[in-house]
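Just so you know, ligand 1 is whichever comes first in the structure, and atom 1 is the first atom listed for that ligand.
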Amino acid sequence: MSAPPAPKHFLQFRDFTREEFDHLFERTRWIKDRFKRYELYQPLRDRTLAMVFEKASTRTRVSFEAGMNQLGGIAINLNRHDTQLSRGEPIEDVARVISRMVDVVMIRTFEQAIIERFAAHSRVPVINGLTNEYHPCQILADVFTYVEHRGSIQGRTVAWVGDANNVCATWLQAAAILDFRMHVATPPGYEVDPRAAGLADTSRLSVFADPMEACRGADLVTTDVWTSMGFEAENEARCKAFADYQVDAGMMAMAKPDALFMHCLPAHRGEEVAAEVIDGPQSVVWDEAENRLHAQKALLELLVCGRVAP
Ligand code: CP
Ligand code: NVA
């Protein structure tokens, strides 16, 4: 018997082309509109999503589980400590077994290498629900949110202030694929590393020492926690190093007057963002969180059903 074709995965943003993202944004719009009209859309009846969480989650857990249910399927939640992973079962074996039983898998874990190993042994599509290196589902929803509010992101400028972490690296990949500029400001010692971000083309990246300069003329200002999950031991040193990198009203005033503010959440008011910004009129963080649901439903549809014509 010949081997089944290799499934399509979403392990990092650059796994998809611009044309595929355009399709996903179109489907997200359609799926969201239907959902708002309370119209059933259940292309994933009898389909199962397995969710493997090795780190905490609120948005990713709820959006994938609710989304899968709304599409007519079911979601199984597996926390590391409830599974044999916690007793040393190899990730390759877990992938072989789970992927014979379900139609699609979402994983939130530590190193990107773990999800790559899982995907290499999976018969079904694997989605990255956050790793130390990337958070592609987040930026899928974020770019959709930008487009919803302001139209195409092509040619726009996104300012990233703070830690050059997994969310930042994913924005950098998105900029290369969707053709917009990234201004990144990080404290000394926490600089962005384009190679670690999986960025071959750095032509859209500008690095700034001064976060005010990074925000100058930006269409979107965004940030994230100073200490990501898995790096808690560094928290004290990070709070000191990042003290001048809080997105506040002064930084927003450097951006375009109609600039948006985004944060993937959870947020720490008074650390990476001032309350007046995240709770202010330019903030679209609640739309951004909601759009995780709609964008991931489009992603699940694409990975499980293939392309659905509009
Ligand atoms: N933004 C995000 O992924 O949130 P959770 O950690 O709550 O899933
Ligand atoms: N950078 C953060 C994002 C949380 C959604 C983390 O990895 O903890």
Checklist entry - Please state which protein non-hydrogen atom is closest to atom 3 (C) of ligand 2 and give its distance, to 0.1 Å? => result Asp224 OD2, 3.5 Å
Checklist entry - When you check the side-chain N and O atoms of Asp287 and Thr145, is any donor under 3.5 Å from an acceptor? => result no
Checklist entry - Looking only at atom types and distance, does a side-chain atom of Thr157 sit under 3.5 Å from a main-chain N or O of Ala218, one as donor and one as acceptor? => result no
Item to check | Residues in contact with ligand 1, criterion: heavy atom under 4.0 Å | outcome: Ser57, Thr58, Arg59, Thr60, Arg108, His135, Gln138, Cys264, Leu265, Arg292
Item to check | Per-atom contacts, ligand 2 versus Met229 - under 4.0 Å to a heavy atom | outcome: 6 (C), 7 (O), 8 (O)
Checklist entry - Going through the distances and angles, do His294 and Phe35 end up as a ring-ring contact (aromatic ring centres under 6.0 Å, His included)? => result CA-CA 9 Å; His294 310 299; Phe35 179 73; 5.5 Å; yes
Next on the checklist: Can a side-chain donor-acceptor contact be found between Thr223 and Glu272 if the only test is distance below 3.5 angstrom?
Outcome noted: no
Item to check | Side chain, backbone, both or neither: the part of Asn132 lying under 4.0 Å from ligand 2 by heavy atom | outcome: neither
Next on the checklist: Which residue is it: Gln112, His135, Arg108, Glu116? I am looking for the one with a side chain to side chain contact (heavy atoms under 4.5 Å, CB included) to Asn128.
Outcome noted: Gln112
Checklist entry - Looking at atom 4 (C) of ligand 2, what's its closest protein heavy atom, distance included? => result Leu130 CD1, 3.8 Å
Next on the checklist: How long is the straight-line distance from CD1 of Ile153 back to CG of Asp219, given to the nearest 0.5 Å?
Outcome noted: 8.0 Å
Checklist entry - Which residue, Glu301, Arg34, Gln70, forms the side chain to side chain donor-acceptor pair (under 3.5 Å) with Tyr41? => result Glu301
Checklist entry - Do Arg18 and Gln154 get their side chains close enough for a donor-acceptor pair, meaning under 3.5 Å? => result yes
Item to check | Under 4.0 Å to a heavy atom of Leu265 - the qualifying atoms of ligand 2, by number | outcome: 5 (C)
Next on the checklist: So for ligand 2, is Arg108 a polar contact partner (N or O within less than 3.5 Å, distance only)?
Outcome noted: no
Item to check | Residue-ligand contact Thr60/ligand 2, heavy atom below 4.0 Å | outcome: no
Next on the checklist: For atom 7 (O) of ligand 2, what's the nearest protein heavy-atom neighbour? Residue, atom name and distance, please.
Outcome noted: Asn166 ND2, 2.8 Å
Checklist entry - Checking Asn79 side chain against His81 main chain: does a donor-acceptor pair fall under 3.5 Å? => result no
Checklist entry - Which value, rounded to the nearest 0.5 Å, describes the distance between Phe208 atom CZ and Thr186 atom OG1? => result 12.0 Å
